[in-house]
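Below: one structure, written as structure tokens.
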Amino acid sequence: MRPILLQGHERSLTQIKFNREGDLLFSASKDHVINVWFTDNGERLGTYDGHNGTVWTIDVDSQSTFLVSGSADNLMKLWSVQTGKCLFTWEFNTAVKRVAFSETDDQIVCVTEQRMGYQGAIWIFDINREGDGTQQSKEPANMFHPVGSKATLCAFAHVPGMIVTGHESGKVALFDAKTGEEVQSNERAHMDVVTDLQLSSDRSYFVTSSKDKTARLHETKTLEVLKTYTTETPLNSAALSPGKPYVLLGGGQEAMSVTTTSLRQGKFETRFWHKIFEEEIGRVKGHFGPINTIAVSPKGDCYASGGEDGFVRVHHYDESYFRAKPYGDLEVDE
Amino acid sequence: EDAAEESNVSAELVALRKRLVDEWNAWRKRCKEEIADERKRRGKKADVDSDEQKEEEKEEIE
């Protein structure tokens, strides 16, 4: 394993994302700045400067043309990946906590926070990909207020017009984007806040992490829990690993309640779990604080973690990782 | 080293893992078929233009 330390953020990381080719890594932080890095050597390619608050969330489209970001400054911004210019800004009454592109890059879904008399909301915007990207509509294509527990995570689900959400209460749900109707829900998916939600490449299943110290694999269509990965620390992020039947988990509690270093060690490691067998396989050390966000390259050749410590660590797998068959010759479908 | 580890794994565990993988693979197969059907169904509804687009997408995914 070849770890590269990406230094450039001044505060903790909130979300990191690879582009489809896996050659670029985008990072969002509480320092208000978004950075883009070359995955291969860790060099910084550029920054996306313009937010005036914690950047909570980012997503890049499948063509690496547009980047979208959501921030505590109540703005959602569309950026040109290549030039770093902000192309369009949407304004809301509260912070934007999660953004995501649709499979075909023609829509964005975002969730805005419930706060100060404002209801939490899910917004869907059509993205005009013609021209230079600056001609966007301020008006959403759809908007709805999820009932019950506050939504913190959202993404386009397995079929068009369907949004999958993660909630503060531990619930995951499916909403019809047009009607705002909750078509499916699992109230007890987790026992505490759902902190991350990442879909498989065909969106037929997804992994969630939670403060309840577990990560879970869910079938998108039914929201049925397929697998559970039980750890001993609150989790902030869970990622699927293309090419290998693994899930990567990260989290950890801040040092405040922990007194001895021996206890602290191990809390801030990226944990590799077998996706099917629900067994821990290994851990990777590195961060000096909780791991806030994990992403795996779509090519499956490396992964990255972003920490409360302000660092991003990129790990390129060795040849031995690809050769290794810790469970024999069983072939697991993606 | 690997071989030594493998011999420690009981026959029951090997059988359990095989069953879990078989179940998973069967479910994945069903999912992939459903997705292909869904795409076909949607492709028929859409106009010719987006129909072609769908074909291109499919090729990439495969």
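Naming convention: chains lettered A, B, ... in sequence-line order (proteins, then strands); numbering from 1 in each chain.
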Might you confirm whether atom CD of A:Gln82 has over 12 heavy atoms from other residues, nucleotides or ligands at distances under 6.0 Å? no
Sidechain N-carboxylate O distance under 4.0 Å for B:Lys32, A:Glu334: no
Let me know if B:Leu20 has heavy atoms under 4.5 Å from chain A in its side chain, its backbone, both or neither. both
Short N-O contact, B:Lys18 and A:Asp329, less than 4.0 angstrom: no
I need the residue from A:Arg203, A:His158, A:Lys221, A:Glu219 with the largest number of non-hydrogen atom pairs under 4.5 Å to chain B. A:Glu219
Would you mind checking which part of A:Glu279 comes under 4.5 Å of any heavy atom in chain B, side chain (CB onward), backbone (N, CA, C, O), both or neither? side chain
Are there more than 12 heavy atoms of other residues, nucleotides or ligands under 6.0 Å from atom CD of B:Glu33? yes
Donor-acceptor contact below 3.5 Å, side chain A:Asp333 vs main chain B:Arg28: no
Enter the distance from A:Ile276:CD1 to B:Asp22:CG here, rounded to the nearest 0.5 Å. 11.0 Å
Taking it one step at a time, do B:Leu16 and A:Phe277 satisfy side chain to side chain contact (heavy atoms under 4.5 Å, CB included)? CA-CA 9 Å; B:Leu16 171 70; A:Phe277 304 148; over 6 Å; no
Can you confirm if the NZ or CZ of B:Arg17 lies within 45° of the ring axis of A:Tyr327 and under 6.0 Å from the centre of its six-membered ring? no
Over 12 non-hydrogen atoms of neighbours within 6.0 angstrom of CD in B:Glu38: yes
Validation row: A:Leu226, B:Glu23 side chains within 4.5 angstrom (heavy atoms): no
Would the A:Tyr205 and B:Trp24 ring centres measure less than 6.0 Å apart? yes
B:Arg39/A:Glu103 ion pair, N-O < 4.0 Å: yes
